[in-house]
Every structure is written in structure tokens, then in C-alpha cells.
Amino acid sequence: YARHIAEGYGPRWNLSGTPVEGFSSPLHMLLLAALAIARIPLVSAARIVGFASHTVLVAFLWRFMKRRDGDVAAALVSALLIASWPMLIWDLGGLESTLFAAMLAMGTLVTLEYIETGRRIEIVSGGALLGLAAFVRPDGGLVAAVALLACLAMGHALTLRRRVADVALAAGVCALVVLPWEIFRLAYYHAALPNTYYAKVYGIPLYWRVTTGLAYWKLYIRGAPNLVLMLLAVGIALLVKRRVNRFDADGARQYARIGQ
């Protein structure tokens, strides 16, 4: 599909007949097409997108964790992500996994900060990033819905009306990110959903999909790489943060006594 765009045929597999949307990652495909137009070989282009997404996510998490939890937490999280062999495999593998992980993680974290701060800029920015995640893969829309509902239920904005307005605005921004492609899909493919939906989901019983998904998660938890290291890193970061906070509180009390 990306090669055909670069060659001027449009996002289609077959050069004759009715075009079919046989992919589920429009943004990834468009990025590859842009690099192909710049005369970068497609295999190299896919790896550039993967490594660039990985790098952006590491940089984002470093700054995010450093601001919230300090240098130790930022270093631990960044090191684990840099050394994550599934991420490295997909950097080289060429699929959209790393790009999806980056957009999803950044969008979710920025959106959920709204719960603590109540600042509109965070939920709107997070909505835009989650819109990009949904543009990478349609699964991102489900995560966006859950994150925004969490903001509505638990946000610290002063009133429910304010939270409803903020969540509606963020949802609108999220929808605006994917709306141009949805319009193009209807006009070009004459379908509301990609063909992959009908190949992978349509007609398959919901019970079977849910049980298979749960079995998949069970296998992942059993064999997840670095899971113990990640839990250890989180524990260390929380312990360090707790001790630092206790030290700060003790110092404040001592300072108050001296002032008295």
C-alpha cells in the first residue's frame, strides 16, 4: 500500500478493480509512504519509524517521570524501556507496534494527569495523542474511551459540569484527528470499516473473542519479559519517593521548630 502511494496509485493493493482497505494501521502506512516518496527503501523506512517511535517514547517517559517522581524513577523506567527486547524486535520487525505503543502510552499518561490537576490543556492534549493512537490502530479508540471516562468519574475539576465539558472537548479533539481518514475511507473504499474488521472480527462470537483474549493475556503475563524487573523498579521508585517525602516533611517540621 505504501509503495503504491509513492508510485502514485493511491492506497490500494490491487491496481485494477475496486480498492480494498486491507490494512489496519493508516498512520503507519502513510508515514512509510512519505518516506518512500523521499526515496528511502520501505524496509529501512519501517525501521526508521520504529526506532524513532521508541526514542520519542523513552524521551517522553524520562521527562514525565523526572517531573513527577525524580531522577531515580526516570532512569529506571527509561532503562527498562530502552532494554525492552519486544520493543527492539518490533523496531526491526517493521510493523506498527512501537508507534502504537508510543502514542498510546503518551496519550494515556497525559490524559490521566487531568485526574490530579484538573487542567484542561492536559486532557485536550491527551485526547489528541489518543486520537493519533486510534489512527495507528482502531484499538486505540477503546483505550481513549476508557481514559476519558476515568477523567469524567475521578477528575479533580471543581464541578461535574466542568468535567463533562472538558471530556467532551477532549473526545471531540480525538475524533477530529481520525475524522479526515474516515471521510476518505467512505469516499475511496466505500466502507465504514477496514476490510480487516470483516476478516478478523465480523461473525466471530463475542464469548469466543473474550475468552481467547483472556487466554492471550494469561500467556503474556507468564512469559512477559522484564516483568519482575519492572515491578522491582516500580517498588524501588515508590520507596525512594516515600523516603524523600518523609525527609522533606521532617525537614519542614524542624525548620518550623527553629522558627518558633
For residues [X] and [Y], determine if any side-chain heavy atom of one lies less than 4.5 Å from a side-chain heavy atom of the other.
X      : Y      : result
Leu31  : His28  : no
Leu76  : Val72  : yes
Lys66  : Asp71  : yes
Phe64  : Met106 : no
Tyr189 : Pro11  : yes
Leu148 : Ile123 : yes

Can you tell me how far apart [atom1] ([X]) and [atom2] ([Y]) are? Round to the nearest 0.5 Å.
X      : Y      : atom1 : atom2 : value
Ser125 : Leu129 : OG    : CG    : 7.0 Å
Leu57  : Leu99  : CG    : CG    : 10.5 Å
Tyr188 : Thr18  : OH    : OG1   : 10.5 Å
Leu152 : Asp166 : CG    : CG    : 10.0 Å
Met65  : Leu81  : CE    : CG    : 12.0 Å
Leu193 : Glu182 : CG    : CD    : 7.5 Å

Who are the side chain to side chain donor-acceptor pair (under 3.5 Å) partners of [X], not counting sequence neighbours?
X      : result
Arg209 : none
His4   : none
Arg137 : Ser24, Glu96, Asp139

Mind checking what makes ring pair (Phe, Tyr, Trp, His ring centres under 6.0 Å) contact with Trp13, not counting sequence neighbours?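 Trp13 satisfies ring pair (Phe, Tyr, Trp, His ring centres under 6.0 Å) with no other residue.
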How close do [X] and [Y] get, heavy atom to heavy atom, and via which atoms?
X      : Y      : answer
Gly118 : Arg162 : O-NH2, 3.7 Å
Tyr114 : Cys151 : CD2-CB, 3.7 Å
Ala6   : Ala33  : CB-O, 4.3 Å
Ala134 : Gly141 : CB-N, 3.7 Å
Gly131 : Val178 : O-CG1, 3.4 Å
Ala102 : Ser53  : CB-O, 3.7 Å

Side chain to side chain contact (heavy atoms under 4.5 Å, CB included) evaluation trace for Leu214 with Lys218: CA-CA 6 Å; Leu214 292 174; Lys218 185 177 180 181; over 6 Å; no
Are [X] and [Y] in one and the same hydrophobic cluster, where Ile, Leu, Val, Met, Phe, Trp and Tyr link if side-chain heavy atoms are under 4.5 Å apart?
X      : Y      : answer
Leu30  : Ile37  : no
Tyr216 : Val210 : no
Phe23  : Leu132 : yes
Val167 : Leu160 : yes
Trp62  : Met103 : no

Would you find a donor on one side and an acceptor on the other, under 3.5 Å apart, between the side chain of [X] and the backbone of [Y]?
X     : Y     : result
Tyr1  : Gly22 : yes
Arg68 : Ala73 : no
Ser84 : Leu80 : no

Return the set of residues passing salt bridge (charged side-chain N to carboxylate O under 4.0 Å, His left out) with Arg119 (not counting sequence neighbours), or none when no residue passes.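 Salt bridge (charged side-chain N to carboxylate O under 4.0 Å, His left out) check on Arg119 returns Glu122.
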Holding to salt bridge (charged side-chain N to carboxylate O under 4.0 Å, His left out), I want the full list of residues that pass it with Arg67, two or more places apart in sequence or in another chain. Glu113
Please list all pairs passing the side-chain hydrogen bond (donor to acceptor under 3.5 Å, both in side chains) test where one or both residues lie in residues 30-40, with sequence neighbours left out. none
side-chain hydrogen bond (donor to acceptor under 3.5 Å, both in side chains) contacts touching residues 99-109 (sequence neighbours left out):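 side-chain hydrogen bond (donor to acceptor under 3.5 Å, both in side chains) check on residues 99-109 returns no pairs.
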Inspect the surroundings of OH in Tyr9 and state if more than 12 heavy atoms from other residues, nucleotides or ligands are less than 6.0 Å away.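 No, OH of Tyr9 has 12 or fewer neighbouring heavy atoms, counting only those of other groups under 6.0 Å.
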List for me each residue that meets side chain to side chain contact (heavy atoms under 4.5 Å, CB included) alongside Ala45, sequence neighbours excluded, and say none if there are none. Leu32, Leu35, Ile40
Test: salt bridge (Lys or Arg N to Asp or Glu O under 4.0 Å). Region: residues 14-32. Which pairs qualify, not counting sequence neighbours?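 Matches after skipping sequence neighbours: Glu21-Arg185.
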Members sharing Leu95's hydrophobic cluster (side chains within less than 4.5 Å):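 Trp90, which link up through side-chain heavy atoms under 4.5 Å apart, make up the rest of the cluster.
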Apart from Trp208 itself, residues in the same hydrophobic cluster as defined by side-chain heavy atoms under 4.5 Å: Ile204
